[in-house]
Amino acid sequence: MEDKTTIIENDIFKNVVSHAKEYGFVFPSSEIYDGLQAVYDYGQNGVELKNNIKQAWWKAMTQLHENIVGIDAAIFMHPTTWKASGHVDGFNDPMIDNKDSKKRYRADVLVEEKAAEYAAKGEQTKADDLVKKLARLLESNDLKGVYDLIVEEKITCPVSGTCNWTEVRQFNLMFSTQLGSVADDASTIYLRPETAQGIFVNFLNVQKTGRMKIPFGIAQIGKAFRNEIVARQFTFRMREFEQMEMQFFVRPGDEMKYYEEWKTLRLKWHKAIGLPAEKLKYHKHEKLAHYANAAVDIEYEFPFGYKEIEGIHSRTDFDLGNHEKYSKKKLQYFDNELNKNYVPYVVETSAGADRVFLAILCNAYTEETVGDGEQQKQRTYLKLHPALAPIKAAILPIVKKDGLPEKARKIYDDLKYDLRITYEDKDTIGKRYTRHDLIGTPFCVAIDHQTLEDDTVTIRHRDTMQQERVKIEELRLKIRKQTSFKSILELC
RNA sequence: GCGGGAGUAGCUCAGUCGGUAGAGCGAUAGCCUUCCAAGCUAUAGGUCGCGGGUUCGAAUCUCGUCUCCCGCUCCA
């Protein structure tokens, strides 16, 4: 029973992926060259949808909170940034696999365990030598040396008991590149693995120039890059992805209060953009990252299971504190009420734009059987929130003659400055309705012969297929009202 | 990284015993048409993922490689 459900759900996901490609939402990157693993491009409809999601987030953050402002920091940052953040040391692990048990280990951990074994047996010198040797090899990035050491020491896999190892590979989280036209070691920099650090290094700039008073937040939307061990599930886990992050700076000791507040507010936002409450849940982290003292994920029930779409972390003063240490610049705030300086604590909300996009797309994808008996047929459409839909309305003359196209063009030209709309007169009206259902256009405006007589048109609603007749002059207000971000923001 | 499955037109897929590739939908240009993809005509689109090998001949057999999917592993 459960298997059957999984299969059906996987089919639905496959359909969503196909649909995303066929209707211009998401294409595999460099597809003509066979694609590039875990990299995807957004197509003509995808970019509109994604931009709308980002706007809904940006407005919810900056427009609705007078104490939150936005920035747009560069992707390139000073290399020391990543030492301070812990990314350089924390995520450079040498990995090794045992070919018999198929288990993967941290190579350095295997050697350290061996050393501990020696120590336990009272061979302290031997243990110390081994640890020193390992440190030297890691220092010089000598992976072959680490492998040789493991073989030399006859370290076996605890599961298979064999010494049949693969070579030692480096797991590098960050992508590196060269800054400047002359390549040398000194100019190696990283593509940022998270946007947060761009906010932290600008903490004082924003606080001072914006005269921000704690508590306050800095929001940012931007690309981030990570090498993933396994990159899978379509756009869910990509090497290049976009984050929507907000760092909220608070008085030390207040962090749990704001952590709870943002936990609630962020869930509300996901509901407001159309994700159903029953498919959203919190997932509390038991194991915390090096920088956090509390962490929770907001998960959405994708066809392939509950997965994280946003993380809310209490990051303490870890980041600002470390940047103080490494930069030797004081990153503190003078609190008038307390009459003292301190390094603020940080509550982070970090949503994946691509993940929210995928959740919205999965949720919107609807296959329905409509009609009875012989008339019964399948209908596929995207039930997108009107404010998020790539195209807000299609302007369609019911036939391509009798002056209807001209009349429709006039309406289109009049509305195009206010609304993202399209004009189409190819094919029967039914086909055109269907085409727009498939990309989630909420409204289709039909111009018929009656229009020529009394300046009224019909509006056909995507979800219900119901039509209403309205005056041309009412169109603008009516469509703008229903596709405006206000309907989302009011729920945030 | 390991194991399993797959890759043929934009999409979904056929393709027999090895004999130089098809359908449906979609697209394009028209015709017809007053409301939900279904009428008519025409057209475009594929070195069968890529590269070797076997063969007179490979979409088909074989080896390698790349990409995707499922499971394991790892993960902030």
Side-chain angles (χ1 to χ4, degrees), chain A residues 3 6-7 10-11 13-15 17-24 27-40 43 85-87 90-91 93 95-106 159 165-169 171 173-174 193-194 196 224 226-234 237 243 285 287-292 295 297 304 308 311 313 315 348 350 352 370-371 374-375 377-381 396-402 404 426-438 444-452 457-462 464-467 469:
Chain A
D3 285 347
T6 313
I7 290 163
N10 284 336
D11 280 352
F13 187 58
K14 270 184 188 160
N15 290 348
V17 174
S18 297
H19 194 92
K21 187 190 169 191
E22 188 162 8
Y23 296 99
F27 306 124
S29 159
S30 345
E31 199 187 3
I32 61 168
Y33 295 110
D34 254 353
L36 189 61
Q37 199 176 45
V39 186
Y40 291 89
S85 71
H87 285 82
F91 304 102
D93 306 330
M95 315 287 254
I96 191 165
D97 296 288
N98 184 268
K99 290 180 187 168
D100 300 311
S101 64
K102 316 290 186 205
K103 294 284 172 196
R104 170 169 291 175
Y105 302 93
R106 292 254 311 260
V159 176
W165 299 104
T166 63
E167 61 187 298
V168 176
R169 281 174 301 258
F171 171 62
L173 172 92
M174 293 191 287
E194 63 174 17
R226 295 180 192 179
N227 262 318
E228 300 288 349
I229 296 176
V230 277
R232 285 261 188 93
Q233 253 113 25
F234 196 43
R237 181 164 287 129
Q243 294 185 306
H285 285 216
K287 230 170 58 186
L288 295 171
H290 59 266
Y291 52 72
D297 292 340
F304 45 87
E308 176 190 358
H313 296 212
R315 292 182 78 130
E348 166 189 87
S350 173
V370 293
E374 301 247 317
Q375 298 288 301
K377 58 189 166 186
Q378 189 86 6
R379 187 164 100 92
T380 304
Y381 64 105
L396 314 169
I398 199 128
V399 289
K400 198 161 56 165
K401 60 174 187 181
D402 303 334
L404 296 183
K426 165 87 179 148
D427 293 319
T428 62
I429 188 80
K431 272 196 183 184
R432 283 177 275 163
Y433 284 155
T434 301
R435 272 205 288 270
H436 280 282
D437 284 345
L438 289 167
C444 285
V445 175
I447 288 79
D448 56 16
H449 287 86
Q450 193 183 328
T451 308
L452 300 178
V457 293
T458 61
I459 295 181
R460 179 257 197 193
H461 296 256
R462 177 195 63 206
T464 60
M465 298 192 289
Q466 299 284 301
Q467 287 178 278
R469 189 162 275 278

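Per chain, numbering begins at 1; letters A, B, ... match sequence-line order.
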key: Distance, P atom - from B/rG24 to B/rG30, rounded to whole angstrom   = 24 Å
query = Between A/R432 (CZ) and B/rC35 (C1'), how many Å, whole number?
reply = 10 Å
inquiry  = Check for me whether A/R460 meets the cation-pi criterion with A/Y433, that is, NZ or CZ under 6.0 Å from the six-membered ring centre and within 45 degrees of the ring axis.
reply    = yes
request  = Please work out if A/K400 contacts a base, only the sugar-phosphate, or nothing of the nucleic acid, heavy-atom cut-off 4.0 Å.
outcome  = base
inquiry  = I need the CZ-C1' distance between A/F27 and B/rC68, as an integer number of Å.
reply    = 17 Å
task = Work out which heavy atom in A/R226 is nearest to a heavy atom in A/P193; give both atom names and the distance.
result = NE-O, 2.9 Å
ask   = Out of curiosity, A/I429 CD1 to A/K400 NZ, how far, rounded to the nearest 0.5 Å?
value = 13.0 Å
ask   = P atom, B/rU28 versus B/rA38: distance in rounded Å?
value = 14 Å
Distance, nearest 0.5 Å, that separates CE of A/M174 from CD of A/E194 = 10.0 Å
message = Testing A/R432, A/R379, A/R462 one by one against A/D437 for a salt bridge (Lys or Arg N to Asp or Glu O under 4.0 Å), which residue passes?
response = A/R379
query = Between B/rA27 and B/rC11, how far is it from one P atom to the other, in whole Å?
reply = 14 Å
message = Is the shortest side-chain heavy-atom distance between A/H313 and A/S350 below 4.5 Å?
response = no
inquiry  = Quick check for you: among B/rG10, B/rA38, B/rC36, whose closest atom lies nearest to any side-chain atom of A/K21?
reply    = B/rG10
message = To the closest 0.5 Å, what do you measure between OG (A/S18) and OH (A/Y23)?
response = 10.0 Å
key: Selection from B/rC11, B/rC35, B/rA38 that lies nearest to any side-chain heavy atom of A/K431   = B/rA38
remark   = Whole-Å distance, A/N15 CG to B/rU12 P, equals 9 Å
message = Between A/D448 and A/T451 (side chain of the first, backbone of the second, donor and acceptor by atom type, cut-off under 3.5 Å), is there such a pair?
response = yes
query = When rounded to the nearest Å, what value does the distance between C1' atoms of B/rC2 and B/rC48 take?
reply = 30 Å
ask   = Which one, B/rA27, B/rA76, B/rC36, comes nearest to the side chain of A/M465?
value = B/rC36
message = In whole Å, measure the gap between the P atoms of B/rC68 and B/rC61 for me.
response = 24 Å
inquiry  = So if I take every side-chain heavy atom of A/Y433 and compare against B/rC35, B/rU28, B/rU34, which nucleotide ends up nearest?
reply    = B/rC35
query = Quick one: A/D427 CG to B/rG30 C1', roughly how many Å, whole number?
reply = 12 Å
message = Taking the minimum atom-to-atom distance to the side chain of A/R435, which one of B/rU34, B/rA27, B/rA38 wins?
response = B/rA27
key: Heavy-atom closest contact (A/F13 atom, A/F234 atom, distance)   = CZ-CB, 3.8 Å
key: Given B/rU34, B/rU33, B/rA76, the nucleotide with the shortest approach to the side chain of A/H449   = B/rU34
task = Please state the P separation for the pair B/rG39 and B/rG26 - nearest whole angstrom.
result = 9 Å
ask   = Between A/Q467 and A/Y40, which is nearer to the 5' end of RNA chain B once each is assigned its nearest nucleotide?
value = A/Q467
ask   = A/H285 NE2 to B/rA76 C1': how many Å, rounded?
value = 8 Å
Residue mapping more 5' on RNA chain B - nearest nucleotide basis, A/V399 or A/E308 = A/V399
key: Base of B/rC36 paired with side chain of A/R460 (donor-acceptor, under 3.5 Å)   = yes
query = With respect to the side chain of A/R237, which nucleotide from B/rC75, B/rA27, B/rA76 is positioned closest?
reply = B/rC75
ask   = Between CG of A/L452 and CG of A/D402, what distance do you get to the nearest 0.5 Å?
value = 8.0 Å
task = Find the distance between CG (A/L396) and CD1 (A/I447) and round it off to the nearest 0.5 Å.
result = 7.0 Å
ask   = Where the side chain of A/E22 is concerned, which of B/rA38, B/rC11, B/rG30 is the nearest nucleotide?
value = B/rC11
task = Sugar-phosphate atoms are those with a prime plus P, OP1 and OP2; base atoms are the rest. Using that split, label each nucleotide of nucleotides 40-45 of chain B B, S or - for protein heavy atoms under 4.0 Å, 5' to 3'.
result = ------
request  = Classify the nucleic acid contact of A/Q450 as base, sugar-phosphate or nothing, counting any heavy atom under 4.0 Å across all strands shown.
outcome  = nothing
task = Give a yes or no on whether a donor-acceptor pair under 3.5 Å exists between the nucleobase atoms of B/rC36, that is its base, and the side chain of A/D437.
result = no
query = Which nucleotide, B/rU33, B/rU34, B/rA76, lies nearest any side-chain atom of A/T428?
reply = B/rU33
query = Over how many whole Å does the gap from A/L404 atom CG to B/rU33 atom P extend?
reply = 13 Å
C1' atoms of B/rC25 and B/rU16, separation to the nearest Å = 25 Å
request  = Send over the distance from A/D297 CG to B/rC75 C1', rounded to a whole Å.
outcome  = 12 Å
ask   = What's the CG-C1' distance between A/D448 and B/rU33, to the nearest Å?
value = 14 Å
request  = Sticking with atom C1', work out how far B/rA29 lies from B/rA44, rounded to a whole angstrom.
outcome  = 10 Å
remark   = RNA chain B in dot-bracket form (Watson-Crick or G-U pairs under 3.5 Å, [ ] crossing, | inter-strand) is (((((((..((((.....[..)))).(((((.......))))).....(((((..]....))))))))))))....
query = Side chain of A/H19, backbone of A/L438: donor and acceptor closer than 3.5 Å?
reply = yes
